[in-house]
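Everything quoted here is computed from the prediction, not taken from an experiment.
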Amino acid sequence: MPTDLELAFPILSAHDLAALAARGRDRRVPAGEVLYSVGDTGVGFFVVLEGEIAVVDGTDADARRVASVGPGQFTGEVSTLSGRATLVTARAATDCRLIQLDGPGLIRAVDELPDVGEAIVRAFMARRQMLIDSGYEGVQIIGSRFSPAAHELRDFATRNLIPFHWVDLETDPEAETLLRGVNFSPADTPVVIGRSGKFKKNPTIAEFAHCAGLTASFTDDRVYDLVVVGAGPAGLAASVYAASEGLDVLTADQLAAGGQAGTSARIENYLGFPAGISGKDLTTNALVQAQRFGAQVTVPCMVRSLGLDAGDRVVTLADGTRLRTRCVLVASGVAYRKLDVSRFADFEGAGIYYAATEMEAKLCRGEEAVVVGGGNSAGQAVVFLARGSRRVHLLVRSGDLGASMSRYLVDRLQALENVTIHLGTQVTRLDGDGRLREVRARDRSGREVAIETGALFLFIGAEANTSWLRNCVALDKNGFVLTGPALPPETAQAERWRLAGRAPFLLETSLPGVFAAGDVRSGSVKRVAAAVGEGSQSVSFVHAHIQRPV
Ligand SMILES: Cc1cc2nc3c(=O)[nH]c(=O)nc-3n(C[C@H](O)[C@H](O)[C@H](O)COP(=O)(O)OP(=O)(O)OC[C@H]3O[C@@H](n4cnc5c(N)ncnc54)[C@H](O)[C@@H]3O)c2cc1C
């Protein structure tokens with residue numbers, strides 16, 4: 001088994017070096033020359049044939065060295081594949097002879113040379129983690145731990161693997177000094193100080209992303225083969241398959257790659273991971289896999305609307321940018337309804353669940369559990385959990401359970417001795433220390449109940465992220481996207497389908513060339529595996545549409 005260091009800095013064989021040399025440019029670089037500096041984008045890839053490159057944390061002459069790259073080794077980490085701003089500076093420590101490949105050249109090499117490609121991708125992923133572990137500070141975020149705006153920035157940084165240093169106004173004496181240094185007061189927080197020394201008070205997510213080097217640029221005249229909206233499991237699966245099959249793909253997500261699955265502490269039921277895998281690991285791997293095939297994944301990038309223009313589909317972003325494309329995949333998922341109580345986000349994935357399967361049931365076996373909701377899904381969850389839990393509390397906002405739940409379920413619940421039904425009751429407070437420990441709720445009379453529990457199940461519905469699609473593709477009555485056989489019969493009679501001479505494909509919406517996959521699709525199974533399956537499958541329909549455009 002190679003050590004972490006060997007994985008991060010492998011030495012390529014003479015055979016591999018020759019294969020890379022045939023694809024790159026031979027360069028001689030004198031000692032001291034800077035190959036790229038912190039913040040540069042699209043920096044390319046350098047393989048050392050002779051000499052040594054110093055990789056340093058910053059741009060000053062005395063910047064801390066984080067790595068040395070010697071003969072047979074190469075520069076780069078995950079941002080090299082995406083062309084995003086680099087986190088470090090690379091400088092020739094001695095006279096060097098190098099092979100240089102640009103971004104597309106690197107992606108082609110990874111694709112065409114499987115052994116070298118594997119070594120490069122593994123090294124890139126290991127290096128980002130090593131950099132963070134080595135004390136690399138990245139962007140500084142100064143704010144109060146109780147500020148939702150500061151929380152949003154930290155959440156965005158964490159979900160997008162942006163290295164950052166959190167300076168807590170409440171406890172860190174360094175905070176005021178740092179703020180004074182940039183002429184701000186605590187009232188101006190959250191404040192972000194970038195690597196280049198640029199700073200901003202209370203930045204929007206877009207401004208913060210720009211400061212961290214995430215922002216993408218688009219060329220006006222480009223027509224993509226496929227624009228994927230949403231980089232959850234469905235969107236990432238489609239991006240991997242489409243890019244690996246040679247399609248020109250852009251994937252846009254309003255927040256971060258990973259979607260809901262990326263927020264799951266542990267996914268136990270996804271095929272191929274017998275010990276389970278954290279949602280973050282699963283979706284980070286998927287993101288790198290998509291980028292390694294050449295998909296452009298861009299965040300934060302909110303899509304505002306979809307339209308048609310002279311045969312192309314046009315996706316308009318929140319900042320007004322218009323992207324032209326032959327096909328669109330709607331993979332914008334759902335947003336589960338959440339409770340409006342403080343500290344909610346602290347326990348998402350650490351005690352708050354949106355499904356009650358064997359896996360979740362195990363987590364509260366022998367303990368108390370709380371279910372919120374008045375519909376059949378809540379009732380079924382209570383019946384299921386009551387088999388193994390000491391007590392299950394059902395909190396229902398309305399005063400009449402029969403109004404929203406089937407009679408047989410109400411009867412069954414009432415017959416279960418270890419179920420307590422709290423009618424007219426709402427959650428008021430959550431407490432815990434890293435994970436949920438207590439749920440407090442209050443009924444209409446003002447009586448408060450405190451339940452010691454590590455498991456809160458929410459069945460208060462989910463809303464499809466389809467506001468950007470209204471009046472454009474057919475939706476069901478709940479706002480989910482209708483596809484294929486689920487489309488109303490009159491769809492096939494529409495002029496555009498008569499001209500197409502075919503019925504919509506299985507995952508095609510009412511607009512030809514616009515497909516939908518995953519949780520956003522009406523009737524889909526709300527699971528990671530189902531979303532991945534549909535995302536992958538949609539690519540075959542994309543090919544079919546491109547071959548015979550409508
Ligand atoms: C806490 C939690 C735990 C879970 N655990 C499991 C589990 O263990 N096993 C399992 O099988 N399933 C689990 N699920 C369900 C699973 O995560 C979902 O079924 C799956 O993520 C759906 O994938 P998707 O790609 O269809 O949509 P999503 O994951 O919802 O991704 C949609 C993406 O689209 C983006 N988006 C939305 N609107 C726009 C827009 N206008 N512009 C740009 N981007 C947009 C969102 O930011 C999001 O990233 C869990 C869900 C949650 C919330």
Minimum heavy-atom distance between S239 and V228, given as atom pair plus value: OG-CG2, 4.2 Å

Do other residues, nucleotides or ligands put more than 12 heavy atoms under 6.0 Å from D172 CG? yes

Ignoring hydrogens and angles, state whether a donor on the side chain of E77 or S79 is under 3.5 Å from an acceptor on the partner side chain. yes

Is there a donor in the side chain of R65 and an acceptor in the side chain of S68, or the other way round, less than 3.5 Å apart? yes

Kindly compute the distance separating CD (E176) from CG (L178), expressed to the nearest 0.5 Å. 10.5 Å

With heavy-atom distances below 4.5 Å as the criterion, would you say the side chains of V370 and F457 are in contact? no

Tell me yes or no: between the side chains of Q100 and R25, is some donor less than 3.5 Å from an acceptor? yes

Backbone N or O of A63 within a donor-acceptor pair of the D60 side chain at under 3.5 Å? no

Can you check whether T251 reaches V249 side chain to side chain, under 4.5 Å on heavy atoms? yes

Which value, rounded to the nearest 0.5 Å, describes the distance between L458 atom CG and Y336 atom OH? 11.0 Å

Where the side chain of T158 meets the backbone of R154, is there a donor-acceptor pair that is under 3.5 Å apart? yes

Should the pair R27-E33 be classified as a salt bridge under the 4.0 Å nitrogen-to-oxygen rule? yes

Verify the neighbour count for atom CZ of R429: are there more than 12 heavy atoms of other residues, nucleotides or ligands below 6.0 Å? no

Are Q73 and V48 close enough, and set up right, to give a side chain to side chain contact (heavy atoms under 4.5 Å, CB included), and what steps lead you there? CA-CA 6 Å; Q73 297 179 315; V48 179; 5.6 Å; no

Between D248 and R222 (salt bridge meaning N to carboxylate O under 4.0 Å), is one present in this structure? yes

Side chains of V396 and T425, heavy atoms from C-beta outward: is any pair under 4.5 Å? no

Does a salt bridge link D95 with R28, judged by any charged N lying under 4.0 Å from a carboxylate O? no

Kindly indicate, with the supporting measurements, whether the criterion side chain to side chain contact (heavy atoms under 4.5 Å, CB included) is fulfilled by Y354 and Q260. CA-CA 11 Å; Y354 300 93; Q260 300 164 63; over 6 Å; no

Please determine, by modelled atom types, if T453 and E368 share a side-chain donor-acceptor pair under 3.5 angstrom. no

For the backbone of D221 and the side chain of T219, can you confirm whether one donor and one acceptor N or O come within less than 3.5 Å of each other? no

Any side-chain to backbone donor/acceptor pair from R470 onto S305? Under 3.5 Å, distance only. no

To the nearest 0.5 Å, atom CD1 of I141 lies from atom CD1 of I193 at 11.0 Å

Check whether NZ of the Lys or CZ of the Arg R322 lies under 6.0 Å from the centre of the six-membered ring of F218 and within 45 degrees of that ring's axis. no

Test item: N478 side-chain N/O and F480 main-chain N/O as donor-acceptor pair under 3.5 Å: no

With side chains defined as the heavy atoms from C-beta onward, is the minimum distance between W468 and V315 less than 4.5 Å? no

Donor-acceptor under 3.5 Å (S332 side chain, V229 main chain): no

Hey, are the side chains of M302 and L255 touching, using non-hydrogen atoms and a 4.5 Å cut-off? no

Considering residues, nucleotides and ligands other than H165, do more than 12 of their heavy atoms fall under 6.0 Å from its NE2? yes

Would you call the rings of F45 and F124 parallel, tilted or perpendicular, taking 30° and 60° as the class edges? perpendicular

For residues V192 and V139, determine if any side-chain heavy atom of one lies less than 4.5 Å from a side-chain heavy atom of the other. yes

Is a salt bridge present between E463 and R337, judged by a nitrogen-to-oxygen distance below 4.0 Å? yes

Approximate separation, where rounding is to 0.5 Å, of D57 CG and R64 CZ: 4.5 Å

Looking at CG of L287 and CG of L161, how far apart are the two atoms once the value is rounded to the nearest 0.5 Å? 8.0 Å

Does any part of the side chain of P300, heavy atoms only, come nearer than 4.5 Å to the side chain of Q254, both counted from C-beta? no

Is R440 paired with E448 through a side-chain N to carboxylate O contact shorter than 4.0 Å? yes

Taking everything shown except D433 itself, do over 12 heavy atoms lie less than 6.0 Å from its CG? yes

Gap between atom CG of L179 and atom CZ of F184 - 0.5 Å precision: 8.5 Å

